[in-house]
Amino acid sequence: MPELPEVETTRRGLAPHARRRRIVELAVYEPRLRWPVARELPRKVAGRRIERVGRRAKYLVLGLDDGNSMLVHLGMSGNLRVVPADTARLKHDHFDLKLDSGKALRFNDPRRFGSLLYADGDLRRHPLLKDLAPEPLTAAFDGEYLWRTTRGRRVAIKALLMNSHLVVGVGNIYASEALFRARIRPQRQARSLSRAEAARLARAVRAVLRMAIKAGGTTLRDYRGAEGDPGYFRQRLYVYERKGRPCRRCRTPVRALTQGQRSTYYCPTCQG
DNA sequence: ACGCCCTCCTGTTGGC
DNA sequence: TGCCAACAGGAGGGCG
């Protein structure tokens with residue numbers, strides 16, 4: 001579900017409520033997430049102040065006043081919302097991070113692919129973060145980088161866009177959308193991209209992520225921001241979920257195909 | 001190192 | 001209406 005724009009939207013919604021707040025209690029109702037929630041986590045974070053609400057790839061990072069951090073990953077169906085702490089719990093509410101404001105950050109995740117992790121000290125050494133590629137919205141990710149890292153790679157460019165060793169934050173929706181905007185077929189071998197195409201694709205990735213953030217992300221079903229509101233980028237999608245419907249640019253019916261057990265959408269006319 | 005495939009989990013949808 | 005299979009936004013891990 002949530003890709004970079006949705007996680008970033010959640011981060012922005014959370015930040016004003018969480019920053020400088022002290023953690024009164026971490027209440028874990030269901031520790032069986034993607035990674036089991038460590039038993040000692042509530043004890044470690046109780047009483048700490050949240051100093052930073054950040055993001056790395058699709059992880060939300062809560063930086064604590066003791067130099068350690070909590071990481072929250074939303075998985076496919078997760079939401080992290082701000083609620084009054086006494087709000088009645090619903091099905092699939094898995095933990096509450098209760099703050100000294102009387103609010104709680106409440107995590108709901110039907111599929112339980114999300115996670116709540118603790119990282120002591122340097123985030124860059126955390127096992128799940130240490131090998132991640134650059135952020136797409138930083139200067140490190142540009143056409144030259146993309147061209148260089150795709151050399152020799154026989155895998156389809158669409159699959160490579162979703163590989164967090166190449167670039168982070170791009171999932172199934174925005175991979176299709178970026179390739180459409182760059183006018184590149186998703187099935188193309190990554191190594192076949194020209195320098196110009198790599199440059200177009202890098203720009204398209206950045207553009208589509210930026211625009212999606214502006215729209216508050218894409219809500220297909222479950223996604224809600226920190227305040228409970230959906231994202232509005234769905235209505236701006238060019239190909240994703242539009243199989244058989246006319247391309248918004250040229251009216252050719254959009255095609256779907258399966259790559260690595262994931263759906264890909266593209267326009268056979270616009271994407272040469 | 002690389003590329004492919006499977007897995008975790010629940011809910012929804014579509015076909016019969 | 002019921003049943004069952006297919007599919008869904010992630011991504012680690014195992015295999016050849």
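Reminder, nothing fancy here: chain letters follow the sequence lines and each chain counts from 1.
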- Message: Using atom P in both nucleotides, what's the gap between C:dA5 and B:dT7 to the nearest angstrom?
- Response: 16 Å
- Check the distance between B:dG3's P and A:Gln189's CD and give it to me in whole angstrom. 9 Å
- Message: Just to be sure I understand the rule, does A:Phe233 reach a base, reach only the sugar-phosphate, or reach nothing, if contact means heavy atoms closer than 4.0 Å?
- Response: nothing
N/O contacts under 3.5 Å, protein versus nucleotides 10-13 of chain B?
from   : atom 1 : to       : atom 2 : distance (Å)
B:dT10 : OP1    : A:Arg112 : NH2    : 2.9
B:dT10 : O4'    : A:Pro110 : O      : 3.3
B:dT10 : O3'    : A:His92  : NE2    : 3.2
B:dG11 : OP1    : A:Lys91  : NZ     : 3.0
B:dG11 : OP1    : A:His92  : NE2    : 2.7

- Item | Length of the line joining A:Leu117:CG and C:dA11:P, which is rounded to integer Å | 12 Å
- Let me know the distance between CD of A:Glu241 and P of C:dG9, rounded to the nearest Å. 9 Å
- Among the nucleotides C:dA8, B:dG3, C:dG10, which one has an atom lying closest to any side-chain atom of A:His73? C:dG10
- Message: Less than 3.5 Å apart, any donor N or O on the side chain of A:Asn68 or A:Tyr118 sitting next to an acceptor on the other?
- Response: yes
- Here the distance between atom C1' of C:dG10 and atom CE of A:Met162, to the nearest Å, is 8 Å
- Report, as yes or no, whether the 6.0 Å neighbourhood of atom CZ on A:Arg22 holds more than 12 heavy atoms from other residues, nucleotides or ligands. yes
- Message: Are there runs of at least three consecutive Watson-Crick or G-U pairs touching DNA chain C, with each pair's two distances under 3.5 angstrom? Give them by first number.
- Response: B:2-8 with C:10-16, B:10-16 with C:2-8
- Task: Step through the shown structure and confirm whether more than 12 heavy atoms of other residues, nucleotides or ligands are within 6.0 Å of CZ on A:Arg151.
- Result: yes
- Task: Using whole Å, report how far CD of A:Gln261 lies from P of C:dA5.
- Result: 19 Å
- Message: Without decimals, in angstroms, what is the distance between A:Gln187 CD and B:dG3 P?
- Response: 17 Å
- Task: State whether A:Glu8 and A:Arg12 are salt-bridged, where the test is any N-O pair (Lys NZ or Arg NE/NH1/NH2 against Asp/Glu carboxylate O) under 4.0 Å.
- Result: yes
- Task: Over 60° means perpendicular and under 30° means parallel, so classify the ring planes of A:Phe107 and A:Phe95, tilted if in between.
- Result: parallel
Heteroatom pairs (N/O) under 3.5 angstrom, protein to nucleotides 12-16 of chain C:
from   : atom 1 : to      : atom 2 : distance (Å)
C:dG12 : O4'    : A:Arg34 : NH2    : 2.9

- Can you tell me how far P of C:dA11 sits from NZ of A:Lys158, to the nearest Å? 13 Å
- Would one find a side-chain N or O of A:Arg262 under 4.0 angstrom from OP1 or OP2 of C:dC7? no
- Answer yes when A:Asp96 and A:Lys98 have at least one side-chain N-carboxylate O distance shorter than 4.0 Å, and no when they do not. no
- Message: Is A:Ser263 close enough to C:dA8 that one of its side-chain N or O atoms is under 4.0 Å from OP1 or OP2 there?
- Response: yes
- Message: Tell me if the CZ atom of A:Arg52 is crowded by more than 12 foreign heavy atoms within 6.0 Å.
- Response: yes
- Out of B:dC2, C:dG9, B:dC4, which nucleotide sits closest to the side chain of A:Arg153? B:dC2
- Could you walk me through whether A:Leu99 and A:Leu105 pass side-chain contact (heavy atoms from CB on, under 4.5 Å), step by step? CA-CA 8 Å; A:Leu99 307 175; A:Leu105 309 188; 4.1 Å; yes
- Message: Can you check the distance between C:dG9 and B:dG14, where both ends of the measurement are the P atom (answer in whole Å)?
- Response: 16 Å
- Please check if atom CZ in A:Arg203 has more than 12 non-hydrogen atoms from other residues, nucleotides or ligands closer than 6.0 Å. no
- Kindly indicate, with the supporting measurements, whether the criterion side-chain contact (heavy atoms from CB on, under 4.5 Å) is fulfilled by A:Ile50 and A:Met70. CA-CA 10 Å; A:Ile50 297 170; A:Met70 270 188 292; 5.5 Å; no
- Query: Relative to each other, are the rings of A:Tyr174 and A:Phe233 parallel, tilted or perpendicular (30° and 60° limits)?
  - Reply: tilted
- Item | Interatomic distance at P, B:dC6 relative to C:dA6, whole Å | 13 Å
- Task: Could you check whether A:Phe113 and the base of C:dA11 form a stacked pair, meaning centres closer than 5.5 Å and planes differing by less than 30°?
- Result: no
- Taking atom C1' of B:dC2 as reference, at what distance in whole Å does atom CG of A:Asp131 sit? 15 Å
- Query: With a 4.0 Å cut-off, would you call A:Arg234 and A:Glu241 a salt bridge?
  - Reply: yes
